[in-house]
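What follows is a set of notes on a single structure, which appears directly below.
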Amino acid sequence: MRYSKAFVPTLKEVPADAKVDSHVFMIRGGYIRQVAAGVYNFLPLGWRVIQRIETIVREEMDRAGAQEILMPAAIPAELWQETGRWQKYGPELLRFKDRHGADYCFGPTHEEVVVDLVRRELKSYRELPTNLYQIQGKFRDERRPRAGLMRGREFIMKDAYSFDVDAESAAKSYDSMYAAYKRIFARCGLDFRPVEADTGSIGGAKSHEFQVLAESGEDNIVACDTCEYAANVEQAAIRAASEPGIQGGGELSKVSTPGKKTIADVAAFMKIAPSSLIKSLVYMADDKAIMVLLRGDRSLNEIALKKLTGATELFPAREGQLQKATGGPVGFVGPVGVDMPVYADMELKGASGAVVGANSMDTHLSGVDLARDVKVTEYVSLRQAEPGEPCARCEGHYVSYKGIEVGHVFSLGTVYSQPMNCSFLDENGKSQIAVMGCYGIGITRIAAAAIEQNHDKGGIIWPMSIAPYEVTVLPLQTNDEEVVRAANELYESLLDQGVAVLLDDRDERPGAKFKDADLIGVPLRIAIGKRSLGEGTLELKWRRESESSNIPAQGAAQAIAKLVADEKARLRGAGA
RNA sequence: CGGGGUGUAGCGCAGUCUGGUAGCGCACCUGGUUUGGGACCAGGGUGUCGGAGGUUCGAAUCCUCUCACCCCGACCA
């Protein structure tokens, strides 16, 4: 591409709306433009990146034996009603009516559609296993879209669905996708980690997320420093404590704690550690109040609570609801004498000598013995794993990371195939339900995650495999015939070699060209100027390095093409 | 959904408190000089002041309603 003809509107100034690096650089570099909250146009550079990511995904999915299809974005409500998700999915599902008044939704995921497709055709076990995938624009009406492509409402996703005869075969399909995902993310040049995860509203038995490690990530991950175990904190296993998390003993007595509403305030006031307090949380589970008890220094794992209660809607009680349920004010909530289910974290089993709220203004209770003073409904593991604590699987300890979820693989079992009756006849002529898996990749999110991991103050530093252009050629003096001729020749030769090359033939000063090249982030830059051309050399610089080197002008195209190919091969090798 | 904030030129912003007929930087257009890290000089204004209603002789500015976007939290494949 000749830059003079390209639609690449770069910006010197940082747009006011963008806070995250990947968002800032995608706008400044002329990759995307916003249309509405969480909805973007992809400009030529942005679209080239997306297409290159899609190509890698297609190659690896095809290699793993999956077949590409395309399902509709507009889905009739009946399919979603069949699985009950029309009711369950909530306001994230964008719903609308056609001219006849029939209900539709814009597909945020396609289990219903693919199962409907397969169940109509599937007859025999001989047709399995099969794996169908698509790359498609999805829409999820996020409450709060943010950070550009990291969390948009409309985004591009690759979703795949496997169908197997039994659980054993389904496990093989799962493993094959897991392996394909590792190759895909490695080829995209990402530093990532597969972690055990919650299955969320998709449902099913086991799942892994593929997390790109980045400070700006929204997900919290813990990984063991010794074994291979890594998990989302929503899911992370916690090693059973060998003794109660709070031990003190003593008599139950009232303590005056005027104005001390938080764990930190009470601990400081009473001169004890926050870990000697019990945190009492009141949640509304489908309009029923429940209480959760945790050690004062721990955080609730809401996913675990949701699983425990089976509630569709679960949120912290508002002030009025809380007062009604406990009879006391916010800040002094406690479990002694309350009339509602009380779930205590496993760590509190046998706890004594603890401090809790007294359900009356400016008062706490000390010397609480859970077994003696509180009617605990059940002891369950309800807290989040924390960095530094012992690994549940080995003798190591947890380390915490921030991650961007770019892929997720689910072992679904029959949660969709059963209610939708997706069946086949086995060897004995007996009807069986297909065992499923589903596998997602956020194509547009990969682009954002790659930038989060690969940038500096000046702009993006693309991995070779997904860069919009692999090489950029900069003629530094556009009024110098020799320079222009050499640049044009190199440009044509690189095109002949199959290299994706951007020729900056604009009548701009060298400084402007360097700045734009850095911003756009093309991995390899060839500067052609009077200075070096006189000595028969060109200046080659990797975007990721600070120093340039000179290469002979003679045969430069072949040498550059080889560097590009070697770099892509290196990334490919990383996933093997 | 709760809390906070912002809408004025393509982009970044000032002007709003205290009402008086819209401005700065960058970008852009014309001419000239420049050319190895976002050049300089001269000239040019490109605007339903987010929208609707109201108060007023007069509204970017005051009042009411409304829309959009951003941030924090909650929520979430």
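Below, read A as the first sequence line, B as the second, and so on, with proteins coming before strands; counting in each chain starts at 1.
Between A:Glu68 atom CD and A:Arg58 atom CZ the span is 4.0 Å, to the nearest 0.5 Å. For the atom pair A:Leu538 CG and A:Leu474 CG, the distance stands at 11.5 Å (nearest 0.5 Å).
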Please report, to 0.1 Å, the donor-acceptor pairs under 3.5 Å made by any side chain of residues 528-537 of chain A, with sequence neighbours excluded.
unit_1, atom_1, unit_2, atom_2, d
A:Ser532, OG, A:Thr537, O, 3.0
A:Thr537, OG1, A:Ser532, O, 3.4

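You'll find that the side chain of A:His408 is closest to B:A77, out of B:A77, B:C71, B:G36. Here B:G37 is the nucleotide among B:G37, B:A77, B:G36 with the atom lying nearest to any side-chain atom of A:Arg525. The side chain of A:Arg146 sits closest to B:A74 out of B:G36, B:G38, B:A74. Distance from the side chain of A:Leu476 is smallest to B:G36 among B:G73, B:G36, B:C70. For A:Asp518, taking side-chain heavy atoms from C-beta onward, the closest of the listed nucleotides B:U34, B:C75, B:G37 is B:G37. When distances are taken from the side chain of A:Arg144 to each of B:G37, B:G38, B:G73, the shortest belongs to B:G73.
Applying the side-chain hydrogen bond (donor to acceptor under 3.5 Å, both in side chains) rule to A:Asp159 yields the partners A:Gln134, A:Lys138, A:Tyr161; only residues at least two apart in sequence or on another chain are considered. Partners of A:Tyr178 according to the ring-ring contact (aromatic ring centres under 6.0 Å, His included) rule, which considers only residues two or more places apart in sequence or in another chain, are A:His208, A:Phe210. By the ring-ring contact (aromatic ring centres under 6.0 Å, His included) test, A:His110 pairs with no residue at all, sequence neighbours left out.
Applying the salt bridge (Lys or Arg N to Asp or Glu O under 4.0 Å) definition to pairs two or more places apart or across chains, those involving residues 468-487 of chain A are A:Arg52-A:Glu470, A:Glu470-A:Lys568, A:Glu482-A:Arg485, A:Arg485-A:Glu489. Applying the side-chain hydrogen bond (donor to acceptor under 3.5 Å, both in side chains) test to pairs two or more places apart or on separate chains, those with a residue in residues 436-445 of chain A are A:Ser162-A:Tyr439. Among residues at least two apart or in separate chains, there is no salt bridge (Lys or Arg N to Asp or Glu O under 4.0 Å) pair with a member in residues 16-36 of chain A.
In this structure B:U18 sits in no base pair that meets the Watson-Crick or G-U test at under 3.5 Å. B:G7: Watson-Crick or G-U partner is B:C67, with both key distances under 3.5 Å. Under the Watson-Crick and G-U wobble criteria, each requiring two contacts below 3.5 Å, nucleotide B:G23 is paired to B:C13. For B:C28, the paired base is B:G44 (Watson-Crick or G-U wobble, both distances below 3.5 Å). Across all strands shown, B:U61 has no partner, as no Watson-Crick or G-U wobble contact with both distances under 3.5 Å is found. Pairing for B:U34 is absent, with no Watson-Crick or G-U wobble pair whose two atom distances lie under 3.5 Å. Summarising the base pairing, B:G2 is matched to B:C72 through a Watson-Crick or G-U wobble pair whose two defining distances lie under 3.5 Å.
In this structure, A:Asp456 places its CG atom 14 Å from C1' of B:G37, rounding to the nearest Å. Atom P of nucleotide B:A68 and atom CD of A:Gln34 are separated by 13 Å, given to the nearest angstrom. Atom NZ in A:Lys515 sits about 15 Å away from atom C1' in B:C26, given to the nearest Å. Summarising the geometry, the separation between CZ on A:Arg140 and P on B:C76 is reported as 13 Å, rounded to the nearest angstrom. What separates CZ of A:Arg531 from P of B:U35 is a distance of 13 Å, to the nearest Å. Counting to the nearest Å, the P atom of B:U33 and the CZ atom of A:Arg509 are 15 Å from each other. Whole-Å rounding puts the A:Asp141 CG to B:A77 C1' distance at 14 Å. Counting to the nearest Å, the P atom of B:C76 and the CD atom of A:Glu209 are 13 Å from each other.
Between A:Asp219 and A:Gly511, the residue anchored closer to the 5' end of RNA chain B is A:Gly511, taking for each the nucleotide with the nearest heavy atom. Position along RNA chain B of the nearest nucleotide to A:Ala36 versus A:Asn479 favours A:Asn479 as the more 5'-ward residue.
Spacing of P atoms, B:A9 relative to B:G50, comes out at 8 Å, to the nearest Å. Distance noted for atom C1' between B:U34 and B:A22: 35 Å (whole Å). For the C1' atoms, the distance from B:C67 to B:C28 is 31 Å, rounded to whole Å. With both ends at atom C1', the span from B:C65 to B:C70 equals 22 Å, rounded to whole Å. The C1' atoms of B:U16 and B:C62 are separated by 10 Å, rounded to the nearest whole Å. B:G7 and B:G51 are spaced 13 Å apart, taking the P atom of each and rounding to whole Å. Taking the C1' atom of each, B:C11 and B:G47 are spaced 15 Å apart, rounded to whole Å. For B:G25 and B:G38, the C1' atoms lie 15 Å apart once the distance is rounded to whole Å.
Within a 6.0 Å sphere centred on CD of A:Glu218, heavy atoms belonging to other residues, nucleotides or ligands number more than 12.
Counting all heavy atoms, side chain and backbone alike, A:Lys158 lies closest to A:Ala160 at NZ-CB, 3.5 Å.
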Polar atom pairs (N or O), protein with nucleotides 43-45 of chain B, under 3.5 Å:
none

Pairs under 3.5 angstrom, nitrogen or oxygen only, protein versus nucleotides 9-12 of chain B, please.
unit_1, atom_1, unit_2, atom_2, d
B:C11, O2, A:Glu13, OE1, 3.1
B:G12, OP1, A:Ala16, N, 3.1

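Side chain A:Glu539 to base B:G36: a donor-acceptor pair is found below 3.5 Å. Taking 3.5 Å as the limit, the base of B:G38 and the side chain of A:Arg28 contain a donor-acceptor pair of atoms between them.
Residue contacts shown for A:Asp516 include a base, since a base heavy atom lies under 4.0 Å away. Using a 4.0 Å heavy-atom criterion, one finds that A:Lys138 contacts no nucleic acid atom at all.
Under 4.0 angstrom from either OP1 or OP2 of B:C70 there lies no side-chain N or O belonging to A:Lys19. Between A:Gln477 and B:U34 there is no side-chain polar atom (N or O) within less than 4.0 angstrom of OP1 or OP2. Side-chain nitrogen and oxygen atoms of A:Arg143 include none within less than 4.0 Å of the OP1 or OP2 phosphate oxygen of B:C1. Contact annotation: A:Arg445 side-chain N/O to B:A77 OP1/OP2 distance is not under 4.0 Å.
Side-chain atoms of A:Gln136 come within 3.5 Å of backbone atoms of A:Pro72 as a donor-acceptor pair (strictly under, hydrogens ignored). Side chain of A:Tyr40 to backbone of A:Glu154: no donor-acceptor contact under 3.5 angstrom is found.
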